[in-house]
4 protein chains.
Amino acid sequence: MSTAVEARGPGRPRCEGTKQAILRAAYDLLEEGGIAAFTIEAVAQRSGAAKTTIYRWWPNKGALAIESFLQVVEKQNPFPQSASAIADLKTQLRGVARLFRGRVGQLVSSIMVEAQTDPETRRAFVDGYLNPRRAAARKVFERGIASGELRAGLDFDLACDALYGAIYMRLLLRHGGLGDAAVDLLAETVLDGLRPRPAP
Amino acid sequence: MSTAVEARGPGRPRCEGTKQAILRAAYDLLEEGGIAAFTIEAVAQRSGAAKTTIYRWWPNKGALAIESFLQVVEKQNPFPQSASAIADLKTQLRGVARLFRGRVGQLVSSIMVEAQTDPETRRAFVDGYLNPRRAAARKVFERGIASGELRAGLDFDLACDALYGAIYMRLLLRHGGLGDAAVDLLAETVLDGLRPRPAP
Amino acid sequence: MSTAVEARGPGRPRCEGTKQAILRAAYDLLEEGGIAAFTIEAVAQRSGAAKTTIYRWWPNKGALAIESFLQVVEKQNPFPQSASAIADLKTQLRGVARLFRGRVGQLVSSIMVEAQTDPETRRAFVDGYLNPRRAAARKVFERGIASGELRAGLDFDLACDALYGAIYMRLLLRHGGLGDAAVDLLAETVLDGLRPRPAP
Amino acid sequence: MSTAVEARGPGRPRCEGTKQAILRAAYDLLEEGGIAAFTIEAVAQRSGAAKTTIYRWWPNKGALAIESFLQVVEKQNPFPQSASAIADLKTQLRGVARLFRGRVGQLVSSIMVEAQTDPETRRAFVDGYLNPRRAAARKVFERGIASGELRAGLDFDLACDALYGAIYMRLLLRHGGLGDAAVDLLAETVLDGLRPRPAP
DNA sequence: CGCTAAACGAGACGGTACGTCGAGTCTTACT
DNA sequence: AGTAAGACTCGACGTACCGTCTCGTTTAGCG
C-alpha cells in the first residue's frame with residue numbers, strides 16, 4: 001500500500017478533467033443560483049459531461065454538492081494562532097461570518113437544504129465540514145482554558161453551538177446581520193454570559 | 001368592528017371546510033414526510049380539493065406550508081410566567097427543544113428549506129413565528145434585568161440567537177442532542193459566559 | 001299574439017340586453033379567433049355576463065355558437081330570383097363562396113368542428129342553416145327543370161352536395177381556391193357533366 | 001441507398017416499439033372516441049409511454065393524429081385498374097364512402113377538426129392523404145379522357161372536388177347517406193351533368 | 001498489435017410534479 | 001326568477017428534472 005501504485009483494473013481510467021469540470025460546474029451553479037439552480041441536468045450541460053458520468057461517480061445531488069463545496073472550501077479560513085485564544089476565537093468567528101455573507105453562505109445554506117432530505121448529505125456536511133472546524137475550535141478552547149482566558153468547566157460543544165448556531169441561524173433566516181460588529185458583540189455576549197458579574 | 005357584519009361582495013363565499021381540509025392535509029403531509037412529501041398534488045389529493053383551488057388561495061408551496069404550520073403552532077408553548085426570569089427562560093428553551101425533537105421539528109426544518117428558495121416564505125416565517133416568540137422572550141429578558149437576574153447591558157438579539165441558534169442548528173444538522181439535559185447545559189453555558197468568574 | 005302581452009310567469013323576465021351582448025360576444029370571438037378563441041369564459045368576460053347566465057340559456061358551446069351564427073347570418077344571401085334558374089344558381093354559389101372566403105367561413109368551419117363532438121350542434125347547423133338553404137336551392141332547381149334549363153331526372157340532393165360539397169371541402173381543407181372564377185368553373189363542370197356531349 | 005447502412009448519430013436510438021405503441025394507441029383512441037377521446041394523456045396511458053416521449057417526437061396532437069392515421073391508411077384502397085375509367089372512378093368512390101362510413105370516417109373527421117386549429121395538420125392531411133389520392137384520381141381521369149369516356153376540357157380539380165366534396169360534406173354533416181346506392185347516384189349525377197342532354 | 005474492459009458523450013425513456021386553462025356546477029347577494 | 005360574482009371539482013395541457021437505459025466512441029493495459 002505504501003509503495004504500490006494505486007491498483008487498477010483494466011479499462012479506461014477515470015478522466016480527471018471531466019471530474020474537475022463537473023465539480024466546477026456544480027460549484028458555480030450553487031454559487032450563482034443556489035439550490036434551485038443546482039440541477040444534475042444543468043451541471044451536465046455546463047460541464048459538458050453526460051448525465052450518466054455524473055451519476056457514475058456521485059449517487060445523488062447532495063453528494064455532488066458536498067464534494068464540490070468541500071474541495072473549494074477546504075483550504076479556506078484556517079484557525080488563526082495568536083497569543084490570545086479569545087482573540088483567535090473572535091477572529092475565526094468574524095471569518096466565518098464574512099464567508100457566510102458571501103458566496104460560501106449560498107453554498108452552505110444550499111447544502112443544508114439538501115441535508116434535510118438526504119441524511120447522507122447531512123452526515124457528509126457534518127463530518128466533512130462542521131466537525132473538523134469544531135475540532136480546530138476545540139483546540140483553541142483548550143488553549144484558552146490552559147491559559148486561564150476561559151473558565152475550566154465549560155461544555156465545549158454547547159459553547160461552540162451558541163457561538164456558531166447564532167451565525168447559522170442568521171444565515172438561514174436573515175433576521176439579523178452578520179457584520180463584524182454584530183459578530184464581535186455576539187462573541188462578547190457569550191463570553192461574558194448573561195448574568196451580572198460581581199465587581200472584581 | 002364589534003357590531004359590523006363582515007362586509008362581503010357578491011359571489012359564492014369561500015368554503016371554509018375546503019380551506020381547513022387543505023391546511024390540514026398540508027400539515028399532515030409535512031409532518032409525515034417532510035418537505036419531500038409536501039407536494040401540491042399530494043395536498044390536493046389528500047384534502048379532496050382541486051389543485052386550482054389551492055393555487056387560488058396560496059401563491060406557492062411556501063405560503064401554504066407556513067399557514068398550515070402557523071395555524072397549528074400558534075397556540076402552543078406560551079412563555080411561562082414565574083417569579084424567576086431565568087427559570088422561565090430555561091423552561092421555554094426546554095419547551096422549544098421538546099417541540100423540535102417531535103413533529104414540529106419536521107415542520108420547522110421543512111419551512112426553513114422552503115425559505116431558502118422563496119424569500120416570501122422566509123419573511124413569513126420570521127414575521128409570523130420567529131419574531132413574535134422573540135418579542136415574548138424579550139419581555140422575559142427585561143423582567144430579568146429589572147429583577148437583577150440578568151446583567152443590564154446585554155444585547156438582547158444576540159443573546160437570544162446564541163440560545164436559540166444552537167437549538168436551530170442542532171435541529172438542522174443533528175450533530176448534537178436536544179434533550180432536556182443538553183438544553184439546560186446550554187442555558188447555563190450562555191448564562192454564565194465563557195470567561196472565568198472571580199470568586200464572589 | 002298581436003295585441004296580447006306575452007304571457008309570463010312570476011320572477012324577473014329575461015334581460016334581452018344581456019342575451020344580445022352574449023350572442024354578440026360569441027359571434028365576435030368566433031370571427032376573430034375561430035373555435036380556439038371561443039370559450040365560455042371568454043364570452044362571459046367580453047359580454048360582461050356571468051358564466052351562469054350563459055349556461056342557463058344555452059346547454060353548451062355548440063348551441064351558443066349556432067345561435068350567434070344564425071342570428072347574424074339568417075338575413076344574408078337570399079336566393080336571387082332572375083329569369084334563369086342556372087344563373088340564379090351560379091349567383092348563389094358565388095355568394096356562398098364569397099362569404100366562406102370571409103368571416104362567415106371562420107364561423108362555419110368552427111361550428112362544423114363543434115358539430116363533430118356534439119351531435120346537437122350538428123343537428124342545429126343542418127336544420128337551422130343547411131337545410132333551409134337547400135330548400136331554397138331546391139326551389140331553384142325545380143324552376144330550372146320546369147323551364148327546361150335542367151334535366152328532369154336529376155337527384156336534387158346529390159346535385160346540391162356536388163355543388164356545395166366542393167365549396168365546403170375547400171373551406172375546410174384549403175387545397176383549392178374559392179374565387180369567383182373557380183366557383184363558376186365548378187358550376188359549369190357540374191352542370192355540363194363529365195361525359196362527352198354529342199354535338200347538338 | 002441500397003447498400004448504405006442507415007447513418008446514425010450517437011446516443012440511444014429511438015425505440016421502435018414505443019413509437020409503434022404510441023401510434024397504435026393514438027389510432028385506437030381516435031377510432032373509438034373521436035377527437036374528444038384523443039388526448040395526449042390518454043395516448044400516453046394506453047401506450048405505456050411517457051408524455052415526454054410523445055412530445056419529443058410529435059409537436060402536437062395533430063401531428064400524432066396524422067401520422068397514426070396515415071400509417072394505417074396508407075396501404076388501403078388503391079385505385080382499381082380496369083378497362084373503364086368511369087367504372088374505376090365509381091369503384092373508388094364507393095370504396096372511399098365505405099371507409100368513411102366505418103372507422104376511417106371517424107379518423108378523417110377528427111383530423112379535419114384538428115386541422116381547423118392547426119395549419120400544420122391541415123397541410124399534413126392535404127399533402128399526405130388528400131393530394132396523393134387526387135393524383136391517383138387524375139390518372140384515372142386522364143385515362144378516361146384518352147379513351148373518350150370523359151370529355152376533354154374538364155377541370156380535373158373541380159370535378160374531383162364535386163365528387164369527393166359531396167362525400168366529405170356528408171361525412172361531416174351527416175345530412176345524407178353514404179351508401180353504395182347514394183354514391184353511385186352521385187357519380188351518375190356528376191358524370192351526366194345537370195343540363196338536359198340532347199337525344200343522341 | 002489487437003483484445004478487453006471501463007469511461008464517456010449522447011440522448012431516449014418512464015415517471016412525477018409543476019403551474020395554468022377551460023368546462024361545467026354550485027352558492028350567495030342583489031335587483 | 002334572473003343576474004353578476006366568483007368558488008369549486010375535474011381533466012388535460014405542455015414543461016422541467018429525475019434517475020435509468022442503451023447506444024457508439026475513446027482510451028487505456030494486457031496478452
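Bear in mind that the values here come from a model prediction, so they are computed numbers and not experimental data. In what follows, chains carry the letters A, B, and so on, assigned in the order in which the sequence lines appear, proteins first and then strands, with residues in each chain numbered from 1. FYI, side chains are in, hydrogens and waters are out, and symmetry mates aren't considered; it's all heavy atoms of this structure.
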For DNA chain F, the residues among residues 33-44 of chain D that have a non-hydrogen atom under 4.0 Å from it: Thr39(D), Ile40(D), Glu41(D)
If we ignore hydrogens and angles and just use 3.5 Å, is the side chain of Ser110(D) paired with the main-chain N or O of Ile35(D) as donor and acceptor? yes
Residue Arg46(B) excluded, over 12 heavy atoms near CZ under 6.0 Å: yes
Would you say Glu32(D) has more than 12 foreign heavy atoms packed within less than 6.0 Å of its CD? yes
Pairwise side-chain contact, Met112(B) with Gln116(A), heavy-atom cut-off 4.5 Å (strictly under): no
Flag the pair Val104(D) / Val72(D) as yes when at least one side-chain heavy-atom distance between them is below 4.5 Å, and no otherwise. no
Would you kindly give the [atom1]-to-[atom2] distance between [X] and [N], to the nearest whole Å?
{"X": "Ile54(C)", "N": "dG22(E)", "atom1": "CD1", "atom2": "P", "answer": "14 Å"}
{"X": "Leu29(D)", "N": "dA12(F)", "atom1": "CG", "atom2": "P", "answer": "11 Å"}
{"X": "Trp58(D)", "N": "dC13(F)", "atom1": "CH2", "atom2": "P", "answer": "15 Å"}
{"X": "Arg46(D)", "N": "dG14(E)", "atom1": "CZ", "atom2": "C1'", "answer": "19 Å"}
{"X": "Gln45(A)", "N": "dA16(F)", "atom1": "CD", "atom2": "P", "answer": "12 Å"}
{"X": "Glu16(D)", "N": "dC23(F)", "atom1": "CD", "atom2": "C1'", "answer": "16 Å"}
{"X": "Arg56(D)", "N": "dC17(F)", "atom1": "CZ", "atom2": "C1'", "answer": "12 Å"}
{"X": "Arg12(D)", "N": "dC21(F)", "atom1": "CZ", "atom2": "C1'", "answer": "5 Å"}

What I want to check is whether an N or O donor and acceptor connect the side chain of Thr52(D) with the base of dA12(E) at under 3.5 Å. no
From [options], nucleotide with atom closest to [X] side chain:
{"X": "Lys51(C)", "options": "dG19(E), dA17(E), dT25(E)", "result": "dT25(E)"}
{"X": "Thr18(C)", "options": "dC18(E), dT9(F), dT3(F)", "result": "dT3(F)"}
{"X": "Ala49(A)", "options": "dG9(E), dC8(F), dG22(E)", "result": "dG9(E)"}
{"X": "Tyr55(A)", "options": "dG19(F), dA7(F), dG9(E)", "result": "dG19(F)"}

Return the 5'-most residue of the pair Thr53(D), Lys61(B) with respect to DNA chain E, ranking by each residue's nearest nucleotide. Thr53(D)
How about Phe69(A) and Tyr27(A): are their ring centroids closer than 6.0 Å? no
If you compare every side-chain N and O of Trp57(B) against the phosphate oxygens of dA7(F) (OP1, OP2), does one of them come in below 4.0 Å? no
Global bending angle along the helix from dC1(E)-dG31(F) to dT31(E)-dA1(F), which compares the axes of five pairs at either end, to 10 degrees: 0°
